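Remarks on the structure that follows.
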Amino acid sequence: MTARDDHLLTRVVHAGSPPFDQGAAPVNVPVVRTSTVRFASDADRVELSHRREAGEPVSTYGRHGMATHRALEAAIAELEGADEVLLAPSGLSAVSLVFIALLSPGDHVLVQDSVYGPVRERVEPLLTRLGVSVSYFSAGDGVPTASVRPNTRLIYAESPSSFLYEVVDLPALAAFAREHRIVLAADNTWGAGLLYRPLALGADISVQAITKYLGGHSDLMQGAVSTANPALASKLRAAHDALGLSVSADDAYLALRGIRTLAVRLAQHGRNAFEVAQYLQSERNAISRVFHPALPDDPGHTLWRRDFTGANGLVSFALRNADQSKARAFVDALRLFGIGASWGGYESLTLVAPLSRVREHSYWRGDEPVVRLHIGLEDPADLIADLRQAFHRVHQ
Ligand SMILES: *Cc1c(COP(=O)(O)O)cnc(C)c1O
């Protein structure tokens, strides 16, 4: 049992531990697979249904999940400082849940322009079809006073942003949103709840792709929406129920297993990435700019120091005097980095940023190709040697 004043890491390790049954219990919650929930009597069924209607996280059907899901929700609630956590089958479905739960025809949503690409490419057309207008704000311009409309219901931020890690002044955005009675939601996939806590900084809703660092082993897809606001929780729950969003007990178990070691993995990813970022800064002939908020000359460094407790394994860089084909040759020349999307697993990955994705960012107007690295848990000396040989290969 943990106490309320235990530190965050302690609560994250113990949250959702199974209770003793006849004096004994396993360390881990069992994987409870079911479609039907059986009731001892019809009176129990009715009582549990009423409790569920009243907002209690009890299960009356397999879609709601059972003990494994409740334990995972409890751990994420600790991470995010939330009272309500809704699980979704992917990070993107968690993001979409927020939009669908809170927006109606005629409403307007303001989205940060350096947001995760599929929000713009996939979610915006859906919202437009449903009669919701979507526009974008540049986090670098401060609070988006000029972009707010009378029908703006939601501001959606992501800090640090995808590919280039633009850091947003979230407390300032939260004060602005509160003043205009607009809900503020933040994608917290980068910070994973340990490095960054949007709800504590004033956001109303925090979204995560569990797929990334919480899962941590590149073997599951999952998302979560967290809030400490009861009115928003009830709207989110209603949409979650209507959409029938459901997560398998096996995947819930894997996510919880990942969370138990999140702190040590993130710390090592952060240390390795910082070493690699410093090395990349020394490759002045090949690289014009390195993106990583823990670097003192990164534009987001001051806000990152104020609002974050660390950095993760993501580092991007712009290749000097290179085109897309040279960038592709560079990633092809790497031996230890898998080429692929997603990140947050134990292994190193790389991807040439699609031009369309970085062009949308008001944050950066360069036209050089951008390469993203996810620095894994390998020995950073080997990763640096690999990067060095790849630069050498494409430059001869
Ligand atoms: C990966 C990612 C998502 C989507 O998560 P999936 O589980 O891949 O659907 C959402 N937001 C951010 C910032 C991400 O990096």
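Owing to the predicted nature of the structure, the values given are computational and were not obtained by experimental measurement. Indexing begins at 1, ligand by ligand and atom by atom, following the structure's order.
Of the N and O atoms on the side chains of Q112 and D187, not one donor lies less than 3.5 Å from an acceptor on the other residue. No donor-acceptor contact under 3.5 angstrom links the side chains of E275 and Y279, judged on distance only.
With I205 as the fixed residue, the side chain to side chain contact (heavy atoms under 4.5 Å, CB included) test singles out one of L236, L97, L154, L184: L236.
Between F176 and H180, the ring planes lie tilted relative to each other; the angle falls in the 30° to 60° range.
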Hey, can you pull the donor-acceptor pairs under 3.5 Å for the side chains in residues 78-87, sequence neighbours left out?
residue, atom, partner, partner atom, Å
E78, OE1, R11, NH1, 2.5
E80, OE1, N188, ND2, 3.3
E80, OE1, S206, OG, 2.8
E80, OE2, N188, ND2, 3.3
E80, OE2, S206, OG, 3.1
E80, OE2, Q208, NE2, 2.8
E84, OE1, R237, NH2, 3.4
E84, OE2, R237, NE, 2.9

Check the pair T227 / N229 against side-chain hydrogen bond (donor to acceptor under 3.5 Å, both in side chains), numbers first and verdict last.
CA-CA 6 Å; T227 186; N229 176 320; 5.4 Å; no
For each nitrogen or oxygen atom of ligand 1, which protein N/O atoms lie closer than 3.5 Å, and how far apart are they, rounded to 0.1 Å?
residue, atom, partner, partner atom, Å
ligand 1, 7 (O), G91, N, 2.7
ligand 1, 7 (O), T211, OG1, 2.5
ligand 1, 9 (O), G91, N, 3.2
ligand 1, 9 (O), L92, N, 2.9
ligand 1, 11 (N), D187, OD2, 2.6
ligand 1, 15 (O), K212, NZ, 2.5

